[in-house]
Q: 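Take this structure, written in structure tokens, and hold onto it; I'll ask about it next.
By convention in this document, chain letters (A, B, ...) are assigned in the order of the sequence lines, proteins followed by strands, and residues within each chain are numbered from 1. Quick caveat, the model's predicted, so the values are computed rather than measured.
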There are 2 protein chains.
Amino acid sequence: MLIDPKHLHILSAIVDAGGMSQGARNLGKSQPSLSRIVADLEARLGESLFEKGRRPLQPTELCTRLASEGRVIARATQQAQDIASQFISGHAGSVRVAGTPIFMDGVISTIIAGFQDEFPELRVDQSYGYAEELIEALRAGTVDTCVCPMEPGDVPDDIGFQRILKGRNVIACGSAHPLARKKSLRLEEISEFPWITQPAGSPLYQDLRDVLDSIGISDFKVSYSGGTLSSIINVLAGSKALTVLPFSVVYMQPKNTIVALPIRIEHPKRELGMLWNDMESQSPAKRRFIRYMTKRFAGISQAVAERQRQEIWRE
Amino acid sequence: MLIDPKHLHILSAIVDAGGMSQGARNLGKSQPSLSRIVADLEARLGESLFEKGRRPLQPTELCTRLASEGRVIARATQQAQDIASQFISGHAGSVRVAGTPIFMDGVISTIIAGFQDEFPELRVDQSYGYAEELIEALRAGTVDTCVCPMEPGDVPDDIGFQRILKGRNVIACGSAHPLARKKSLRLEEISEFPWITQPAGSPLYQDLRDVLDSIGISDFKVSYSGGTLSSIINVLAGSKALTVLPFSVVYMQPKNTIVALPIRIEHPKRELGMLWNDMESQSPAKRRFIRYMTKRFAGISQAVAERQRQEIWRE
DNA sequence: AATTAACATAGCATTATGCTATATTATTTG
DNA sequence: CAAATAATATAGCATAATGCTATGTTAATT
């Protein structure tokens with residue numbers, strides 16, 4: 001003797017409408033449908049649900065109590081309906097984003113803020129990692145999308161990649177740094193200052209080495225390492241140390257904290273991009289996030305390049 | 001795009017069981033059933049509910065949220081199930097009992113106490129009235145059963161009647177009354193005391209008149225009227241007034257409050273009985289109540305008659 | 001008594017659901 | 001890495017549930 005929750009819902013609709021005909025209209029069904037469902041229920045329960053022979057339909061006590069459970073069911077079903085449509089339209093759900101620390105802290109988090117402003121019901125779970133582990137995480141399904149500097153050729157075939165920003169590094173220092181005011185610099189001038197480095201495995205560490213190699217500095221002094229971006233910026237701002245950072249990160253910082261030195265250094269071969277595993281199986285929220293990011297970066301990319309041209313290349 | 005609450009319930013069962021096979025076992029269904037229902041739901045939502053190609057079945061975010069609504073539905077359905085079976089077995093529900101005030105207060109309420117002790121989930125709604133209005137209320141369906149002194153011949157054909165107690169009246173007084181200690185009384189002795197009466201329309205008022213008429217007292221002094229039983233008893237106990245009461249009422253009172261005088265007075269033609277409208281359409285709880293009352297009174301009726309024989313008739 | 005509005009029933013078409021048998025597939029084991 | 005295992009997916013078929021329209025009944029109203 002099992003009761004179908006749908007029947008309880010229908011019962012509540014009849015009781016609330018005050019009759020079968022109106023109840024049927026409210027539910028978008030025909031009156032005979034409800035009539036039969038009620039009759040079946042009565043037969044299966046062995047109890048009548050409406051006083052018979054009364055025309056403003058009068059629910060029995062049992063009916064009233066079952067109808068109140070029906071209301072709970074109706075509410076939960078509606079809720080599920082809403083959740084589903086919110087979810088399908090990409091207005092509800094969550095995205096798990098991972099990426100390299102400096103970019104996540106320095107650029108992506110600000111863009112995420114804009115995303116959350118536009119889609120307040122969407123939850124973003126952020127985590128950190130470098131290329132190999134990120135791809136690993138994508139494959140394991142513990143992360144939905146990653147932001148990571150990659151050489152496009154290094155992206156495995158099974159992983160989607162969308163470039164969002166060109167790789168442009170600069171040498172950065174605190175805005176009070178003695179070199180900060182100079183219009184032009186000779187390479188020798190920077191050699192006396194100590195350096196802030198990223199962890200050895202990180203792309204930026206490699207970039208730093210490459211830059212100094214190309215300038216001819218093979219032996220450099222490291223004054224600070226291991227901090228996340230906010231620590232690095234504090235150290236830069238309060239000391240004479242230098243570091244290599246993506247220009248986009250410098251660009252996104254508030255004025256008067258750090259600046260980029262007007263020295264052209266070589267572009268890293270990596271480009272910042274978004275990675276994903278299987279776009280088709282992504283939920284709408286996740287697709288929406290990726291769409292949003294690539295779209296926002298289309299604009300930002302321009303602005304960053306323009307500013308860099310003005311500030312570093314002085315054209 | 002309507003979601004069936006049953007499907008949400010099934011979804012929650014699958015998620016909670018950690019897989020379809022176990023979920024199917026828990027629900028008492030076959031695994032292919034669930035598999036298809038999930039596939040249909042996915043097709044209709046256009047979103048997958050379980051990560052595909054993962055074997056410990058892993059619900060997607062959407063699935064998790066829908067399942068949590070499913071749990072609400074499962075709980076409400078179970079609740080409805082419980083309500084129904086409690087109700088059908090007569091262990092839940094309510095009974096609306098009406099009756100004449102003195103009997104309700106003096107006898108029935110005590111029996112109701114026993115009923116509620118045995119069926120604590122059953123609610124009793126009590127109200128008061130006299131024969132015509134009671135029958136009216138039964139027909140209107142505002143009351144389920146009535147307790148009322150009636151002449152069996154006066155019961156309308158459409159109303160069921162079950163005698164529960166013979167009509168036996170006595171003259172009652174406070175236990176400290178000067179007449180209370182006498183073994184036998186002459187009729188003249190009672191004529192000097194004032195009387196407590198019921199409202200003019202009540203059966204007991206008629207009984208009082210009949211009694212005094214038969215004794216030859218046509219002109220009697222009324223000292224108090226209009227009170228319900230507890231007032232009447234207080235007035236009896238604290239004054240020298242007399243009144244006519246059913247012996248059953250006197251019998252049910254605690255010792256040393258009121259007593260019945262050893263004077264044989266004529267039996268009223270009315271007998272206390274239970275009335276109902278249509279036994280078939282009564283809910284189990286109401287049937288159970290009527291059953292309980294008639295059964296309890298089968299015993300009480302004996303005890304009352306026996307005691308009355310001893311106390312009044314002195315046989 | 002006639003009218004009206006609602007509920008009940010009948011009949012039929014369609015969909016949903018149930019099952020068993022069997023194919024696939026992810027994971028574990030040897 | 002192949003075999004074994006255990007779970008899910010699919011196919012096919014029978015049955016139950018549900019939908020509708022048309023129509024019969026009935027309680028309330030005029």
Q: Hydrogens and angles aside, do A:Gln282 and A:Asp278 bring a side-chain donor and acceptor to less than 3.5 Å of each other?
A: no
Q: Under 4.0 Å between a side-chain N or O of A:Ser21 and OP1 or OP2 of C:dA6?
A: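 It does not, given that no N or O in the side chain of A:Ser21 lies less than 4.0 Å from OP1 or OP2 of C:dA6.
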Q: Do we see a donor-acceptor contact under 3.5 Å between the side chains of B:Asp82 and B:Gln86?
A: no
Q: Please list, in numerical order, the residues of residues 29-38 of chain A that have a heavy atom closer than 4.0 Å to any atom of DNA chain D.
A: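 A:Lys29, A:Ser30, A:Pro32, A:Ser33, A:Arg36, A:Ile37 - these, ordered by number, are the residues of the stretch whose heavy atoms sit under 4.0 Å from the strand.
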Q: Looking at B:Glu136, I'd like to know if its CD atom is crowded, meaning that more than 12 non-hydrogen atoms belonging to other residues, nucleotides or ligands lie closer than 6.0 Å.
A: no
Q: If you compare all heavy atoms of A:Ala84 against all heavy atoms of B:Ile3, which two are closest, and at what distance to 0.1 Å?
A: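 Scanning both residues completely, I find the closest heavy atoms to be CB-CD1, 4.4 Å.
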Q: Starting from C1' on C:dT17, measure out to CG on B:Leu41 and report it in whole angstrom.
A: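 In whole Å, C:dT17 C1' and B:Leu41 CG are 14 Å from each other.
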Q: Between B:Leu8 and A:Thr77, what is the shortest heavy-atom contact and its length?
A: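 Heavy-atom minimum between the residues: CD1-CA, 4.3 Å.
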Q: Mind calculating the distance between CG (A:Leu49) and P (C:dC7) to the nearest angstrom?
A: 14 Å
Q: With sequence neighbours left out, write down each residue that passes side chain to side chain donor-acceptor pair (under 3.5 Å) with B:Gln126, or none if nothing qualifies.
A: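 Applying side chain to side chain donor-acceptor pair (under 3.5 Å) to B:Gln126 gives B:Tyr128.
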Q: At less than 4.0 Å, is any side-chain N or O atom of B:His7 found next to OP1 or OP2 of C:dT17? Yes or no.
A: yes
Q: Only pairs at least two apart or in different chains count here, so list each side chain to side chain donor-acceptor pair (under 3.5 Å) that has a residue in residues 88-100 of chain A.
A: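 As it turns out, the side chain to side chain donor-acceptor pair (under 3.5 Å) pairs with a partner in residues 88-100 of chain A, which skip direct neighbours, are A:Ser89-A:His91, A:Ser94-B:Glu61, A:Arg96-A:Asp144.
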Q: Side chain to side chain donor-acceptor pair (under 3.5 Å): which pairs involve residues 8-24 of chain A, sequence neighbours left out?
A: A:Asp16-A:Arg71, A:Gln22-A:Arg25, A:Gln22-A:Asn26
Q: What pairs with A:Gln116 under side chain to side chain donor-acceptor pair (under 3.5 Å), at least two apart in sequence or on another chain?
A: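 For A:Gln116, no residue satisfies side chain to side chain donor-acceptor pair (under 3.5 Å) once neighbours in sequence are set aside.
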Q: Would you say B:Arg123 has more than 12 foreign heavy atoms packed within less than 6.0 Å of its CZ?
A: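 No.
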Q: Using distance only, find each side-chain donor-acceptor pair of residues 154-161 of chain B under 3.5 Å and give its atom names and separation, not counting sequence neighbours.
A:
| residue | atom | partner | partner atom | Å |
| --- | --- | --- | --- | --- |
| B:Asp158 | OD1 | B:Arg139 | NH2 | 3.0 |
| B:Asp158 | OD2 | B:Arg139 | NE | 2.7 |
| B:Asp158 | OD2 | B:Arg139 | NH2 | 3.4 |

Q: Given atom CD of A:Glu51 and atom C1' of C:dC7, what is their separation to the nearest angstrom?
A: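 Rounded to the whole Å, the gap is 15 Å.
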Q: Earliest and latest nucleotide of DNA chain D, 5' to 3', sitting under 4.0 Å from a non-hydrogen atom of chain A?
A: D:dT18 to D:dA28
Q: On DNA chain D, nearest-nucleotide positions of B:Leu57 versus A:Gly28: which is more 5'?
A: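 Its nucleotide being nearer the 5' end, the pick is B:Leu57.
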Q: So, do B:Cys148 and B:Phe103 sit near enough that their side-chain heavy atoms are less than 4.5 Å apart?
A: no
Q: Taking five pairs at each end of the helix from C:dA1-D:dT30 to C:dG30-D:dC1, what angle separates the two helix axes (nearest 10°)?
A: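 If I round to tens, the end axes sit 30° apart.
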Q: Can you list, in residue-number order, the parts of residues 59-75 of chain B that come under 4.0 Å of DNA chain C, counting heavy atoms only?
A: none
Q: Taking N or O atoms only and anything under 3.5 Å, show me the protein contacts with nucleotides 23-26 of chain C, one pair per line.
A:
| residue | atom | partner | partner atom | Å |
| --- | --- | --- | --- | --- |
| C:dT25 | O2 | B:Arg55 | NH1 | 3.4 |
| C:dT25 | O2 | B:Arg55 | NH2 | 3.2 |
| C:dA26 | O3' | B:Arg55 | N | 3.2 |

Q: Cut-off 3.5 Å, side chains only: do B:Arg296 and B:Tyr292 have a donor facing an acceptor?
A: yes
Q: Using side chain to side chain donor-acceptor pair (under 3.5 Å) as the criterion, list what pairs up with A:Asp40, not counting sequence neighbours.
A: none
Q: Check side chain to side chain donor-acceptor pair (under 3.5 Å) between B:Glu133 and all other residues, then give those that pass, not counting sequence neighbours.
A: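 Counting only residues at least two positions away or on another chain, B:Glu133 forms no side chain to side chain donor-acceptor pair (under 3.5 Å).
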Q: Does any N or O in the side chain of B:Ser35 come within less than 3.5 Å of the main-chain N or O of B:Gln31, such that one atom is a donor and the other an acceptor?
A: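 Not confirmed, B:Ser35 side chain does not pair with B:Gln31 backbone.
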